[in-house]
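Everything below concerns the one structure shown next.
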Amino acid sequence: MENKMSSRLSSPVVAIVGATGAVGVEMLHCLEARDFPLSRLKLLASPRSAGRKLKFRGEEIEVEPLSETSFKGVDIALFSASGSVSRKFAPIAVEAGAIVVDNSSAFRMDDAVPLVVPEINGGDIARHKGIVANPNCAAVISITPLWPVHARNRIKRLIVATYQAASGAGAAAMEELSESTRAYLDGRDYKNTVLPHPYAFNLFSHNTAIDPDTGYNDEEMKVIEETKKIFGDPDIAVSATCVRVPVLRAHSVAVTFQCERPISASEVRELMKTAPGVKLVDDWENNYFPMPKDASGQDDILVGRIRQDLSDPTGHSVTLFCAGDQLLKGAALNAVQIAEHLVKVPALA
């Protein structure tokens, strides 16, 4: 059975669930840009999007309505839909013989489901039981640059403040930001319908529910809990403040971390130079550091503003700033990288 699956995964049939959404479209682009070795591509979406055609490798592929029979003959299914859709259809896809890479939060904290950033814990993919979870976008962008540090000098405490783009809330939020900005500049009234507050020239706490006991919102708790799982370190202390900012598609994060042993900013800077999935942008002379305008459309997470944390006189803490494309490394690219590992690394027997 394993040899048969390995043979199929050498040139798999791939399906994208939620193919017409912001992340689904980027998944399509990533598969093409990275020359993913698939034999056939199926595009699946809600009935209202069925019939649309999207281009892939010079050909137009018609979007099919998602149904319980959609996964016959599919080897890898990339899910970019709501948690409720994933909870219903991911088990159906697995039962039909597909391996699911799920971008929702539905399975992330399930102990039986690997939660993977390939640059950090790609080896966990091989223990999947049919589903591999794609992490929260803010978590991916926050912690991918930190893994080389953690691997050398364990990070025992991490504090992050995120500046999250509209793309994290989908294509409709991106459109609302664009249209509300035009209206603001034109002096016209604009009624926001996607996000809970006016978006143009404004920022606000991430629009997820707040826990009445802790005061943390759902997004912040995702960053906290997912960091522990991805790092394989349940004892790391994490605090997060997540804020929505009027940027289209790249998240930025201010990060302060404390290590078990003393660590210098120069040590961290050297680690960033060779960190996988990371590009160092740390030009003090010209005051040029990571910005969402530069991170947008880039596979790498940009890292800079690396400096000693002056509030820690023990020399155990460093502060930095990073920016990463939420639709790419924060979602679609990470999912396709997981699929690339699946092609090379079949599930353990």
Side-chain angles (χ1 to χ4, degrees), residues 22-23 26 117 119-120 135-149 155 158-170 173-174 176-178 181 195 197 199-208 216-224 226-227 230 238-257 265 268-269 271-272 275 277-284 286-307 309 317-334:
V23 174
E26 290 297 336
V117 178
E119 292 89 343
I120 298 175
N136 170 269
C137 50
V140 173
I141 292 166
S142 298
I143 69 174
T144 300
L146 302 183
W147 177 246
V149 177
I155 295 172
L158 172 63
I159 300 172
V160 302
T162 70
Y163 307 76
Q164 295 183 225
S167 57
M174 296 173 75
E176 182 160 286
L177 174 57
S178 297
T181 300
L195 293 167
H197 304 289
Y199 205 178
F201 301 96
N202 189 31
L203 53 82
F204 45 86
S205 179
H206 194 279
N207 48 296
T208 46
Y216 282 78
N217 63 41
D218 285 349
E219 186 80 354
E220 291 159 353
M221 291 308 301
K222 288 175 185 177
V223 173
I224 292 168
E226 292 180 27
T227 296
I230 296 164
V238 184
S239 183
T241 300
C242 294
V243 175
R244 188 77 72 188
V245 298
V247 170
L248 279 174
R249 62 175 287 164
H251 290 354
S252 299
V253 190
V255 178
T256 297
F257 59 87
V268 173
R269 192 172 292 107
L271 288 171
M272 294 302 102
V278 170
K279 180 181 179 181
L280 184 64
V281 181
D282 202 36
D283 185 348
W284 293 24
N286 294 297
N287 199 19
Y288 203 104
F289 302 105
M291 291 182 274
K293 81 170 187 66
D294 293 337
S296 295
Q298 299 297 315
D299 288 352
D300 289 338
I301 296 168
L302 310 183
V303 178
R305 297 250 34 227
I306 301 169
R307 60 207 188 277
D309 176 14
S317 303
V318 169
T319 293
L320 56 79
F321 191 77
C322 56
D325 191 309
Q326 182 274 328
L327 291 175
L328 290 174
K329 187 55 188 171
L333 173 62
N334 199 77

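- Considering CG of Asp294 and CG of Leu302, their distance stands at 6.5 Å, rounded to 0.5 Å.
- Ala323 pairs by the side-chain contact (heavy atoms from CB on, under 4.5 Å) definition with Ser252, Pro290, Ala295, not counting sequence neighbours.
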Output a table of donor-acceptor pairs, distance under 3.5 Å, between side-chain atoms of residues 158-168 and any protein atom two or more places apart or on a different chain; print 'none' if there are none.
{"unit_1": "Thr162", "atom_1": "OG1", "unit_2": "Gln164", "atom_2": "OE1", "d": "2.7"}
{"unit_1": "Thr162", "atom_1": "OG1", "unit_2": "Val243", "atom_2": "N", "d": "3.4"}
{"unit_1": "Gln164", "atom_1": "NE2", "unit_2": "Glu219", "atom_2": "OE2", "d": "2.9"}
{"unit_1": "Ser167", "atom_1": "OG", "unit_2": "Leu248", "atom_2": "O", "d": "3.4"}
{"unit_1": "Ser167", "atom_1": "OG", "unit_2": "Arg249", "atom_2": "O", "d": "3.4"}
{"unit_1": "Ser167", "atom_1": "OG", "unit_2": "Gln326", "atom_2": "OE1", "d": "2.7"}

Let me see the working for Tyr216 and Cys242 under side-chain contact (heavy atoms from CB on, under 4.5 Å), right down to the final yes or no.
CA-CA 9 Å; Tyr216 282 78; Cys242 294; over 6 Å; no
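- For the atom pair CZ of Arg307 and CG of Leu320, the computed distance is 8.0 Å after rounding to the nearest 0.5 Å.
- The distance from atom NE2 of His251 to atom OG of Ser296, rounded to the nearest 0.5 Å, is 11.0 Å.
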Would you please test Val247 and Lys293 for side-chain contact (heavy atoms from CB on, under 4.5 Å) and show each step?
CA-CA 9 Å; Val247 170; Lys293 81 170 187 66; over 6 Å; no
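- Here the CG-CD distance, from Asn136 to Glu226, works out to 5.0 Å after rounding to the nearest 0.5 Å.
- Legend: residues meeting salt bridge (charged side-chain N to carboxylate O under 4.0 Å, His left out) with Glu119, ordered by chain and number and at least two apart, are Lys329.
- For the side-chain contact (heavy atoms from CB on, under 4.5 Å) with Val303, the qualifying choice from Val281, Val278, Val253 is Val278, the only one to do so.
- Inter-residue side-chain proximity for Thr181 and Pro246 is flagged as unmet; no heavy-atom pair is nearer than 4.5 Å.
- Atom CG in Leu333 sits 11.5 Å away from atom CD in Gln298 (nearest 0.5 Å).
- For residues 138-149, no pair satisfies side chain to side chain donor-acceptor pair (under 3.5 Å), with sequence neighbours left out.
- Val223 approaches Ala139 most closely through the heavy-atom pair CG2-N, 4.1 Å.
- Under the side-chain hydrogen bond (donor to acceptor under 3.5 Å, both in side chains) criterion, Asn207 pairs with Arg244, not counting sequence neighbours.
- In this structure, the side-chain contact (heavy atoms from CB on, under 4.5 Å) partners of Asp282, at least two apart in sequence or on a different chain, are Arg269, Leu280, Trp284, Phe289, Ile306.
- Across all their heavy atoms, Thr208 and Asp218 have their closest contact at OG1-N, 3.4 Å.
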Derivation of the side-chain contact (heavy atoms from CB on, under 4.5 Å) call for Asp309 and Phe257:
CA-CA 9 Å; Asp309 176 14; Phe257 59 87; over 6 Å; no
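- Closest approach of Leu271 and Pro148 over heavy atoms only: CD1-O, 4.1 Å.
- Taking Phe204 as the reference, His197, Tyr199 meet the ring-ring contact (aromatic ring centres under 6.0 Å, His included) condition, with sequence neighbours excluded.
- Partners of Lys222 under the side-chain hydrogen bond (donor to acceptor under 3.5 Å, both in side chains) rule, at least two apart in sequence or in another chain, do not exist in this structure.
- With sequence neighbours left out, Asn287 forms a side-chain hydrogen bond (donor to acceptor under 3.5 Å, both in side chains) with no residue at all.
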Pair Leu327-Val23, side-chain contact (heavy atoms from CB on, under 4.5 Å): steps then yes or no:
CA-CA 6 Å; Leu327 291 175; Val23 174; 3.8 Å; yes
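- Closest non-hydrogen pair, Cys322 versus Val255, comes out as SG-CG2, 4.4 Å.
- For Asn202, there are no side-chain hydrogen bond (donor to acceptor under 3.5 Å, both in side chains) partners two or more places apart in sequence or in a different chain.
- Rounding to the nearest 0.5 angstrom, the gap separating the SG atom in Cys137 from the CG atom in Leu328 is 12.0 Å.
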